[in-house]
Every structure is written in C-alpha cells, then in structure tokens.
Amino acid sequence: MNHFEQILSFFEKKNLCTPGDRDYNVNFCNELLKASGAKEASIWEQHGDGRLFIRYGTNVLPAHAEDFYLCEGEGITGAVALGRRAISISKAGEHPGHHDVLDKKINFETRSMISAPIQFNGILFGVLNIINHESGRDFPFDWRAKLSAVAVLYAMALATCGRLNEKKQNRVAWKSDKASLPAKQTSIVGISDDILSVIDLAVKAGKSDIPVIIYGETGTGKELAARKIHESGLLRDKPFIAVNCAALPETLLESELFGHIKGAFSGADHNRKGKFMEAAGGTLFLDEIAEMSLSSQAKILRVLQEKKVAQLGSEKEIQCNVRIIAATNQDLQAFMTENKFRKDLYYRLCGMEINIPALRHRKNDLDLLVKYFLRKATFPSELKRVNQDIPEISEDALNMLYLYDWPGNVRQLEQAIFASLAVCNDHHIKPADLPQWFHQDLLKQKSNPFMINKNGSMNNEHNGIENLLDQKNRFLEVLEKTKYSGTGRWNISAAAKELGIKRKTFFYRIKKMQEKGLL
C-alpha cells in the first residue's frame, strides 16, 4: 500500500474519536504528512461571518490559533474558501498572495503550499493546507488533485457524524459575538498577480507613515486599498476618514476639510472640527484629488507642510498630524504638464504609488468576485444570517460576464449581481436574469469574441455553423499569437486569457469547430 492509499484508508477506520475533534485532527494530519511528504499541515474552519480560523495546525500552538484569522478572499487560504478550488504555490515568500502574518507570529517560513476546500454537498467547512515538502522543493504536481480528494473525504467524515450539517444550521440565525471575535478587516478579493501585488504593496505601505497615491479607474476599489493600508499599520486603531474631493464644491471645501467656528459665516450656528481634525492621529483618504481646483490644492499643501489647521473664522492654528492617502483616476503627470495639478503638492503626496488594475485586465478574478458578491447579497447583515442557501450562477451567465469589458469595474459587477439576484428564480442566475443594460452593452461591444443573440444569451451549437465561422478567424489569430515557441503547439490557456474567457469555455468552442470540420 502506497502513502496516498494509506491516507485514504484512514477514513475507513473506525476511530474512537469523532471527526473534527482535536484527537481526530492530530491523527489525520499525521497521516497526511506521511502521505504527502509535507512538513506541516493545518485545518481552517470558516465561521458564520465568513472568517477563517485555525481549527488545528501541526506547527501552531492553540494560543496562537485563537487570535489569528483570515477574511474570506484574503491570502491563499481565503481565496480557496471563496473560490472553492485548490491552489498550489511555490516560493511563498515571494508570492504576493501569501499572507505571512501568521508565519511571523510563530517564527515559521512557508516555502511551498497546497490549499484545498473542505466541502461536501455544497457545504464548505473550511480549508485544508499542506506546507513545505520534505524535499525542500515544490510538491509533486498531482498532489493538488490528491489534496482536493482528501479534503472532500474529510468533509464527508464530518457529514457522517453531523458536523457538516451544523455548518448549514448555523446560517439560520448567526449572531456575532463581538466580545470574542476581532474586528473585521477589509478584504481585497482576487488571486491574479496584479491584484496580489496591490495587496502586497498596501500591506508594505501600512508599515510606514509615508504618503501614498493610489491610481485606478472608477470602481476598481481605490478606497479598499486605502483602508487596507490603514489597517496594516500602527494606525489601525486610529480614525480613517474618507473624503470625495470631486463631490466638494470649492465654497464648502474649507469648512468641510478644515472646520469652522460658530458665527464664521451665515448658517454656522455651531463649531465644526473638519475632516483633518477628525482624522488627527490616523489616516485621511482624499479620493479623486485631481478634481480639486488649484486654489484648493494650495490650501491642502499648506496644511501638509505646516501640520497645522486653521478653522474658518478663527486665527488660531491647531496642531494636526495626519497621514494622507490620495487617490485619482487621472494621469497626474499629464495634469501637471497642463497646469491642472500642482507639482509641489504632487511631490508631497507621491511617497509611494499603487496602481489598481481595471477588471478587464484581471478577468481571472471574476469568478471569485462573483462568488463574493453572491455571499454578500445573501447575507447583507453582520448581525444575523437568514436561512438561505448561497445563490448560484449558471455557466452560461458566468461566461457572459467574462465576455464583458466592465467599464465600471468591480463596482459595476457588484451592481449587476445584485440586480440579477433581485429578479432570478430559485436563487439561480441565468443569462436572461442579467440586467438589461448589460445585454445592450454586450451587443454593442466590439471586443466581444462570441456572437450574442438579440435576447442576450450566448450562442451554442444549436445556433448553426455560421456563428462558428464568425469566430474562427479571431480564434486562429489568437492561437497563432500565443502558441508555444519551438514546438508550435497551441497554448489554450494563454489564448483563453488573451480573449478574456475561461479556458474550458474556449476549449469547448474549439472542440465544436473541430466537430464541424472548421479546424
């Protein structure tokens, strides 16, 4: 019997301990280490609010496990819980998706890791991890699939003794015990290299007090990145105040930012602190700062230089030390060239620059984001969860989302999911449930590699050979562009990424073309 068969046989034994209990987890993880050649293993359990806590870790003391958690979508483990699919990484220290806070806490170095969802019959218990292969190299390629199978068997064992049903019942009426759980942190959902780099830079920026400029199109999540920076540093317990500069008329800017005293102007019937003073000791996030007038920029610059604020109607200056994080969807270099943005203010703000990618450039995160919004829409309250199954989205509907360019980015995707859920039946989103504006925009979109019917649904093999012919040239062009050098073979994964669609969808369309004799 080989090592993998031994871990499989573990589940056939009549153990004296109950699946999920500590003794069971100790025995299970020891068998898993022998089978996989891993140095360490850990079992994470997802609580009712989506957060993941360590149920057992071969290298984690109970005291360390009690006060450490990951948000859903955070780090590799959080991404597995959200995406419900296994992930394997090597050189974890260099991987921006690896959350190394626990490593530092327990003085441990994660080098390689495979994470798999513990799930059965649509119910997620948590995540199973194996860490650092004994060879010092990566885990064998086939262990990603093997660990997925082992995680399902673990979930089945939990289901047999009723433990998995408890997870489902906990969604009936879950109330947060704020005295025992740490405050929830901001999650930036995604596993693409670009978004993981953003998270990595945000965490690094949080460890200093230098100013930061965040660039990104509208709806990409610039404020989320700013909050991540704030929560990753020493200021996490201090105020975080956000101001939308584009929404502030210049006549109200000084009062809004710097405050005023009673009687400073008509209607000023009480003293007002202003946003700078509200954020004192913490972080002030100035969103869309490029929309400020030059005179307003000069007033901001003076406060940053002097670290003092003078309220309207008062000659007294008040000491105000605040960290500034600015954001914009504009090119500040071009704005400076056109004298629309002050160079001296730019040099005050540009300690570090972070670029948030547009959603159309990180399409491989779309599946995770959709699942995140489905959970968010189903469970909108942090205090109580209704007895509802998590909604689903059909493969055709999801494929249509992949085809769209999302000019409004993540915010637009979120609204599309919420709107679809409002009209769908049985908590299952189909193509016809997607918003009308989505269907209209998709029909007009020139970059769409698929043909879309007038009712907004995707064409399939029943729509005739004509549509396949329309796609043929585009597909061949991309396959030629992305083929492996030397061998000349098609690189299906690279071609699918170039087209902005899922690999299996692209493979399906190629197969249909071959069946019709077109390829």
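The shown structure was predicted, so the numbers you read here are calculated from the model rather than taken from an experiment.
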> Any ion pair linking R85 and D367 (charged N to carboxylate O, less than 4.0 Å)?
Replying inline: yes

>> I'd like to know if the side chain of E217 pairs up with that of N329 as donor and acceptor (distance under 3.5 Å, no hydrogens or angles considered).
In response: no

>> Could you report the tightest heavy-atom contact between A225 and A202, atom names first, then the distance?
In response: O-CB, 4.2 Å

> Are the charged groups of K363 and E498 less than 4.0 angstrom apart, N to O?
Replying inline: no

> How far apart are the closest heavy atoms of P357 and V198, and which atoms are they?
Replying inline: CD-CG2, 3.9 Å

> Within the distance-only criterion (no hydrogens, no angle test), does the side chain of K222 pair as donor or acceptor with the backbone N or O of G216 below 3.5 angstrom?
Replying inline: yes

> Which pair of heavy atoms, one from T220 and one from A358, lies closest together, and at what distance?
Replying inline: CG2-CA, 4.0 Å

> Taking it one step at a time, do L349 and F341 satisfy side chain to side chain contact (heavy atoms under 4.5 Å, CB included)?
Replying inline: CA-CA 12 Å; L349 296 174; F341 198 83; 4.3 Å; yes

> With side chains defined as the heavy atoms from C-beta onward, is the minimum distance between L359 and L369 less than 4.5 Å?
Replying inline: yes

> Do E291 and E288 come within less than 4.5 Å of each other through their side chains, counting heavy atoms only?
Replying inline: yes

>> Testing the basics here: between S420 and A416, what is the closest heavy-atom pair and its distance to 0.1 Å?
In response: OG-O, 2.7 Å

> Would one find more than 12 heavy atoms of other residues, nucleotides or ligands at under 6.0 Å from atom NZ of K299?
Replying inline: yes

> Do F276 and K307 come close enough that some side-chain heavy atom pair is under 4.5 Å?
Replying inline: no

> Is it true that a side-chain atom of N132 and a backbone atom of D138 form a donor plus acceptor pair closer than 3.5 Å?
Replying inline: no

> When you look at R111 and R137, which way does the side chain to side chain contact (heavy atoms under 4.5 Å, CB included) test go after all the steps?
Replying inline: CA-CA 8 Å; R111 297 187 301 276; R137 299 186 294 273; over 6 Å; no

>> Determine whether a donor-acceptor pair (N or O, by modelled atom type, separation under 3.5 Å) exists between the side chain of N244 and the backbone of A246.
In response: yes

> With a cut-off of 6.0 Å (strictly less than), are more than 12 heavy atoms of other residues, nucleotides or ligands near CD of Q436?
Replying inline: no

> Can you check whether I429's main-chain N or O pairs, donor with acceptor, with D433's side chain at less than 3.5 Å?
Replying inline: no

>> Holding to ring-ring contact (aromatic ring centres under 6.0 Å, His included), I want the full list of residues that pass it with Y404, two or more places apart in sequence or in another chain.
In response: W406, F438

>> Could you check whether any side-chain N or O of N321 sits under 3.5 Å from a backbone N or O of G281, counting only pairs where one atom can act as donor and the other as acceptor?
In response: no

> Knowing that exactly one of Q46, H47, E45 qualifies, which makes a side-chain contact (heavy atoms from CB on, under 4.5 Å) with F53?
Replying inline: H47

> What are the two closest heavy atoms between T77 and L70, and how far apart are they?
Replying inline: CB-CD1, 3.7 Å

>> With ring-ring contact (aromatic ring centres under 6.0 Å, His included) as the rule and sequence neighbours excluded, what pairs involving residues 201-256 come up?
In response: H230-F240

>> Could you check whether any side-chain heavy atom of M292 comes within less than 4.5 Å of a side-chain heavy atom of I300, counting everything from C-beta outward?
In response: yes

> Taking side chain as C-beta onward, heavy atoms only, is I76 less than 4.5 Å from M113?
Replying inline: yes

>> Less than 4.0 angstrom from a charged side-chain N to a carboxylate O is my criterion; do E223 and R227 meet it?
In response: yes

>> Any donor-acceptor pair under 3.5 Å linking the side-chain atoms of N129 with those of S115?
In response: yes

>> In the structure I gave you, are the side-chain heavy atoms of T283 and V322 within less than 4.5 Å of one another anywhere?
In response: no

> Considering residues at least two apart in sequence or located in another chain, which fulfil the ring-ring contact (aromatic ring centres under 6.0 Å, His included) criterion with W44?
Replying inline: none

>> For a 4.5 angstrom cut-off between non-hydrogen side-chain atoms, does I417 reach V370?
In response: yes

> Looking at F335, does the NZ or CZ of K340 lie under 6.0 angstrom from its six-membered ring centre and within 45 degrees of the ring axis?
Replying inline: yes

>> Within the 4.5 Å heavy-atom criterion, are S208 and I210 side-chain neighbours or not?
In response: yes

> side chain to side chain contact (heavy atoms under 4.5 Å, CB included) between D365 and R362: does it pass, once the steps are laid out?
Replying inline: CA-CA 6 Å; D365 286 334; R362 46 177 290 223; 2.9 Å; yes

> Would you say D405's side chain and P407's backbone share a donor-acceptor pair under 3.5 angstrom?
Replying inline: no

>> For L286, run the side-chain contact (heavy atoms from CB on, under 4.5 Å) check against I241, V243, I325 and tell me which one passes.
In response: V243

> Atom CD1 in I289, atom CG in L332: separation rounded to 0.5 Å?
Replying inline: 8.0 Å

>> Checking V212 against I214 for the side chain to side chain contact (heavy atoms under 4.5 Å, CB included) test, could you report, in this order, the C-alpha distance in whole Å, the side-chain angles of both residues, the deciding distance, and whether it holds?
In response: CA-CA 6 Å; V212 180; I214 303 172; 4.1 Å; yes

